[in-house]
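The next block holds one structure in the form of structure tokens; read it before the comments.
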Amino acid sequence: MEKAGKDFYMKSALELARALLGCLLIHRTEDGICAGKIVETEAYMGTKDKASHSYNNRRTKRTETMFGPSGQAYVYLIYGMYHCMNIVAAEPDNPQAVLIRALEPIDGLDLMAYRRYSKSLSDCSRKELLNLTNGPGKLCQAMKITIKNNGESLTGNSLYIVKQGTPKASDIITTTRINIAYAEEAVHFPYRFYIKNSPYVSVRDKAEELKAGR
DNA sequence: ATACAGATCGGT
DNA sequence: CCGATCTGTATA
């Protein structure tokens with residue numbers, strides 16, 4: 001259990017997406033501390049990847065942090081009401097990032113329940129407990145990650161990653177990314193990764209799980 | 001100045 | 001499947 005340092009993030013988004021599986025995402029706020037185990041990620045490979053915000057070197061106010069150094073949070077608002085959190089990968093001017101798509105709640109569950117449903121943990125149904133952080137928008141709401149965290153360095157003491165044992169290769173499912181139907185050939189790129197047996201994954205790929213065996 | 005789509009979610 | 005809800009982005 002050690003906090004991930006600068007070096008950890010200096011790799012391609014594809015490598016980082018795999019390396020992040022099993023790690024803890026921690027957020028300390030005034031309300032308290034929350035933590036979740038990362039169980040699902042997606043790699044966005046930058047200027048050549050039609051699904052990426054930085055495709056074709058599109059550099060705007062929103063995408064600017066993707067062009068910065070690795071190890072920063074790239075957070076943006078989606079559909080006018082939800083946030084998505086990414087971790088910037090690779091080197092400056094190579095705008096790659098990893099989208100955090102799902103967590104297994106580990107610590108601060110009561111805080112998460114209040115942020116998600118405005119009620120205490122003990123009043124949550126089984127389904128609500130499973131839905132606390134099983135999607136990119138949900139986990140940001142539960143962890144209180146907002147546009148204010150955009151550009152924040154993960155080497156600080158507020159929002160950061162703690163390394164844990166990476167799952168073995170046979171426990172990682174590799175499949176296509178979610179909700180990028182517009183991305184032409186990139187639709188088929190195997191850039192999504194999740195932990196096979198986790199009940200906290202947002203969308204399962206039954207065919208790939210069968211192929212991976214048990 | 002205007003138009004429009006989107007790396008989502010929750011309810012029907 | 002649909003609507004919510006609004007910012008970033010492109011086009012003119």
Side-chain angles (χ1 to χ4, degrees), chain A residues 12-18 20-21 25 36 38-68 70 72-90 94-103 105 112-119 123-152 173-194 199-205:
Chain A
S12 75
L14 274 172
E15 292 173 275
L16 185 60
R18 285 175 169 277
L20 281 167
L21 289 178
L25 175 65
I38 298 174
V39 298
E40 180 182 352
T41 58
E42 279 178 2
Y44 287 84
M45 291 297 284
T47 61
K48 299 287 198 291
D49 179 359
K50 284 182 180 164
S52 175
H53 291 164
S54 55
Y55 171 66
N56 207 18
N57 230 32
R58 190 169 48 165
R59 187 168 187 160
T60 65
K61 189 165 186 184
R62 178 175 68 151
T63 64
E64 187 60 31
T65 54
M66 283 185 88
F67 289 80
S70 57
Q72 293 188 318
Y74 167 46
V75 184
Y76 64 91
L77 187 65
I78 184 72
Y79 298 108
M81 42 169 100
Y82 301 106
H83 295 275
C84 288
M85 177 187 170
N86 298 252
I87 297 178
V88 177
N94 185 351
Q96 304 184 9
V98 176
L99 173 66
I100 309 299
R101 282 197 58 90
L103 301 174
M112 293 184 187
Y114 270 105
R115 288 170 180 159
R116 292 272 296 127
Y117 310 118
S118 302
K119 63 187 186 187
D123 291 331
C124 288
S125 68
R126 208 166 182 83
K127 181 164 186 178
E128 284 171 326
L129 294 181
L130 280 172
N131 288 342
L132 240 26
T133 54
N134 65 340
K138 298 175 194 177
L139 89 246
C140 281
Q141 188 182 19
M143 300 282 289
K144 204 176 185 175
I145 294 166
T146 70
I147 197 78
K148 290 178 189 167
N149 297 108
N150 185 40
E152 181 172 339
I173 299 292
T174 302
T175 182
T176 53
R177 293 171 291 183
I178 303 297
N179 283 339
I180 53 152
Y182 55 85
E184 300 176 25
E185 79 279 356
V187 164
H188 307 292
F189 295 172
Y191 286 177
R192 184 167 75 107
F193 307 95
Y194 67 85
Y200 296 98
V201 165
S202 67
V203 181
R204 317 205 74 91
D205 188 323

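Note: hydrogens, waters and symmetry copies are ignored here, and every other heavy atom, side chains too, is used. Lettering follows sequence order; numbering is per chain, from 1.
Look at A/R116 and you won't find any side-chain N or O under 4.0 angstrom from OP1 or OP2 of B/dC9. OP1 or OP2 of B/dA7 lies within a sub-4.0 Å distance of a side-chain N or O belonging to A/Y182. A/N179 has a side-chain polar atom (N or O) that falls below the 4.0 Å cut-off from OP1 or OP2 of B/dT8. Distances shown here put a side-chain N or O of A/K138 below 4.0 Å from the OP1 or OP2 atom of B/dG10.
The residue A/L99 sits close to a base: some heavy atom pair falls under 4.0 Å. At a threshold of 4.0 angstrom between heavy atoms, the contacts of A/N86 include nucleobase atoms, whether or not backbone atoms are also involved. At the heavy-atom level, A/G80 lies under 4.0 Å from base atoms of the strands shown. Residue-level contact check: A/R177 touches neither bases nor backbone, having no heavy atom under 4.0 Å from any strand.
The P atoms of C/dT5 and B/dT2 are separated by 23 Å, rounded to the nearest whole Å.
To the nearest angstrom, P of B/dG10 lies 8 Å from CG of A/N134. Atom pair A/L139:CG and B/dG10:P shows a separation of 12 Å (rounding to whole Å applied). Atom P of nucleotide B/dG10 and atom OH of A/Y82 are separated by 6 Å, given to the nearest angstrom. For the pair A/M81 CE and B/dT8 P, the computed distance is 13 Å after rounding to whole Å. Here B/dC9 presents its P atom at 14 Å from NZ of A/K127, a figure rounded to the nearest Å.
With hydrogens and angles left out, the side-chain atoms of A/K127 and A/N131 include no donor and acceptor closer than 3.5 Å. Side chains of A/E42 and A/Y44: a donor-acceptor N/O pair is present below 3.5 angstrom, by distance only.
Note that A/R177 lies outside the cation-pi zone of A/Y191, set by a 6.0 Å cut-off to the ring centre and a 45° limit from the axis.
Of the inter-residue distances, the one linking A/M66 atom CE with A/T60 atom OG1 reads 10.5 Å to the nearest 0.5 angstrom.
Other residues, nucleotides and ligands contribute at most 12 non-hydrogen atoms within 6.0 Å of the NZ atom of A/K48.
If A/R62 and A/Y79 are placed on DNA chain C by their nearest nucleotide, the residue sitting closer to the 5' end is A/Y79.
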